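As the structure is a computational prediction, the values presented were derived from the model and not from experiment.
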Amino acid sequence: MPRFNWFHSSPPRFHWNNLKDYLRVPQGQVYADSGTSSQWSNQDLAPTPPEERKWNMWTFAAFWTAHASDATAWTAGSATVALGLTWWQAWLALNVAHIIGTVLIVANGRMASRYHVGFPVCARVPWGMWGSYVAVAMRAVICIIWNGVNTFYAGRLVDVCLQCIWPSWALVANTLPESAGITTRELTGFLIAWFIFQCLTFIHPRDLKWFYIAKSVIVLTAMHGILAWWMRKNGGVHFPSQDSNQISGTTRAWLWMQAFNSGFGAVSSLTVNQADIARYAKSPNDQFWGQIFVFPLASALPGLFGVLVASASQEMYGTPLWNLWDVTQKMLDQYPQDSGARFGIFLAAGSMALALIGVNLATNCLPFGSDVSALFPKYMNIQRGQFLCCLLGLAIAPWKILQNGTTFLAFLAGYGYWLAPVAAILFVDYFFIQHGNIVTAELYNGRPGGLYWYTKGWNIRAPIVTVLALVPCLPGFASTISDRVDISLNAARLSTLSFILTYVIAAVMYWLSYQIWPRKAPIQARERFELFANAMDIDQVSIELGEIEKPLSDKLSMRESV
């Protein structure tokens, strides 16, 4: 039976029990002999088999180039100019954040690349079997929101494409009330982008290698074309208005920190989503070298282009154009009768819309699919979860988030803020608590006494640390989403450090919790770093050579390890 299939071949005669059996997803036989409950495993949750570990260093490099070269990186750069920073200050803030973020991403991909399991299964180690549902649910909700934002952004670019094809489309009257917050044209573009995206959810992102390679080339070409047009139109970037902008040093420093924090927001999801991609690595070095240099470099260009175009538009029109649909719309307005120019703008806007849809697949739908597979392993797999994620993207109002540059940056900052404790706990637990040694079979043992059962399925340290780490920046976050929340200037400034501050607090508190209340050290914490993973690699080679039949050596079998 093929992996990731939607339904069984033919439905049985209708009966409630028969219907439930028909809707079940393949559970797999990986741990069937050990009596593992279907509550904890199916084919998508089980360790990735060797034949599906196809991603080498160049695959990761192409993927991260495709991911980084998207409209989100462009918008993060241009939105920082809207704050009042100069182009080099804005670009520096984003790139410092991306470099630090890349290190955190690679670190949290280590466990997945060594033991070949996704985020929901990785989370069982620090959170406990039942406690992991908290981390999984937190990420799933954020994936839905970010999915809707990217789809709406793509929809606005689709609207520009429709105007390029039919100029009369710009004259379509709005039939929606003002309270809707969206026009008829915008809603139509959103639904078209959503439909294209929904069709692509039937394909597993693991199988889209060549799609991402082509996307990276197409999108980078389109970005260079947009930048060249604006630089030629403006005769370069001179920043006269910014040179005369009187902003105090203290205010500028806090604006820089806000831009720095928004840079983390753009990469924060990857610090927890990385496991869902790194599990397909041929070797841990592939996921390391394939992104440690590529991602910062690939994300630097779109951010710089966004900064330069926003600065040029501010010089030309007095207002920085911080999102790509306004950038391409302004370009289109210059050529009402030029079909050749409209075709070029169609390619540019369409390429950026494609980039957003591709990013949505890998960084929102795939993680959401993994999460719902863990929450409902009997009936959900990654493909079904992807489809559901896209459907739920219709249920939110993403156009509210993209109203202006300040709102967008607040969303990015809040996005990273909620995920920071989860990422920090995963990092500290793997490297400093478990010492890189994971008993894979115990990740699917949901019985009392299991290695990762802790207390009634919960490692209470993780949820407590998560809540406490979120407290310092909570007032500032609340003020960004509601005008009714009145906070002091210091509290507001503290929120500009939300991701990095929350991450550090969570990491330190989680480590201290084990120093103050140590758990009786299991055997893997006393062994050399990643000894268990190395032994599994040796056993895998032996299996491939036909020397042994068991997947784990006797020394590291589940029962002996516990």
Side-chain angles (χ1 to χ4, degrees), residues 66-67 69-75 78 147-176 180-201 208 211-212 214-230 233 302 305-306 309-310 313 321-361 364 390 393-394 398-399 401-403 408:
H67 175 84
S69 305
D70 76 335
T72 302
W74 179 296
T75 304
S78 55
N147 177 286
V149 169
N150 276 345
T151 305
F152 177 72
Y153 201 140
R156 293 299 302 268
L157 290 166
V158 169
D159 177 66
V160 175
C161 290
L162 293 176
Q163 294 179 63
C164 294
I165 301 172
W166 301 289
S168 60
W169 177 253
L171 304 177
V172 172
N174 178 34
T175 59
L176 298 175
I182 189 173
T183 65
T184 301
R185 279 173 41 198
E186 293 169 357
L187 181 60
T188 302
F190 175 68
L191 292 176
I192 292 173
W194 175 85
F195 177 76
I196 297 172
F197 180 37
Q198 187 77 81
C199 292
L200 288 174
T201 60
L208 292 173
F211 169 78
Y212 286 110
K215 183 176 85 74
S216 63
V217 175
I218 293 171
V219 173
L220 279 174
T221 303
M223 285 183 172
H224 279 86
I226 294 172
L227 176 69
W229 187 93
W230 280 93
K233 194 75 173 179
F305 290 2
V309 170
S313 63
L321 300 178
W322 62 275
N323 59 66
L324 272 166
W325 71 73
D326 281 338
V327 168
T328 52
Q329 181 69 60
K330 183 65 72 172
M331 295 168 63
L332 181 62
D333 292 342
Q334 310 302 312
Y335 307 100
Q337 305 300 327
D338 191 334
S339 59
R342 291 204 310 271
F343 178 70
I345 296 169
F346 170 83
L347 293 178
S351 298
M352 301 312 300
L354 178 68
L356 286 159
I357 291 173
V359 168
N360 247 356
L361 282 170
N364 293 310
C390 195
L394 290 174
W399 45 88
I401 297 172
L402 292 171
Q403 285 179 338
F408 179 77

Tell me whether [X] contacts the main-chain N or O of [Y] through its side chain, where contact means a donor paired with an acceptor under 3.5 Å.
X: S313; Y: L321; answer: yes
X: T183; Y: N174; answer: no
X: D159; Y: E186; answer: no

Shortest non-hydrogen separation from [X] to [Y] and the atoms involved:
X: R185; Y: A170; answer: NH1-O, 3.2 Å
X: A353; Y: L157; answer: N-CD1, 3.6 Å
X: V219; Y: S351; answer: CG2-O, 3.6 Å

Interatomic distance, [X] atom [atom1] to [Y] atom [atom2] [nearest 0.5 angstrom]:
X: W194; Y: L187; atom1: CH2; atom2: CG; answer: 12.0 Å
X: Y335; Y: I345; atom1: OH; atom2: CD1; answer: 6.5 Å
X: T221; Y: I226; atom1: OG1; atom2: CD1; answer: 11.0 Å
X: N364; Y: I357; atom1: CG; atom2: CD1; answer: 12.5 Å
X: R342; Y: Q163; atom1: CZ; atom2: CD; answer: 10.5 Å
X: N323; Y: Q329; atom1: CG; atom2: CD; answer: 10.5 Å

Would K330 and W229 count as a side-chain contact (heavy atoms from CB on, under 4.5 Å) if you check the C-alpha gap in whole Å, the side-chain angles of each, and the deciding distance to 0.1 Å?
CA-CA 11 Å; K330 183 65 72 172; W229 187 93; 5.5 Å; no
Taken in chain and number order and not counting sequence neighbours, the residues that satisfy ring-ring contact (aromatic ring centres under 6.0 Å, His included) with F197 are none
Classify the ring geometry between W325 and Y153 as parallel (under 30°), tilted (30 to 60°) or perpendicular (over 60°).
perpendicular
Quick one: do L162 and I192 satisfy side-chain contact (heavy atoms from CB on, under 4.5 Å)? Show the steps, please.
CA-CA 11 Å; L162 293 176; I192 292 173; 4.0 Å; yes
Please identify which of these residues, V149, T151, N150, meets the side chain to side chain contact (heavy atoms under 4.5 Å, CB included) condition with L356.
N150
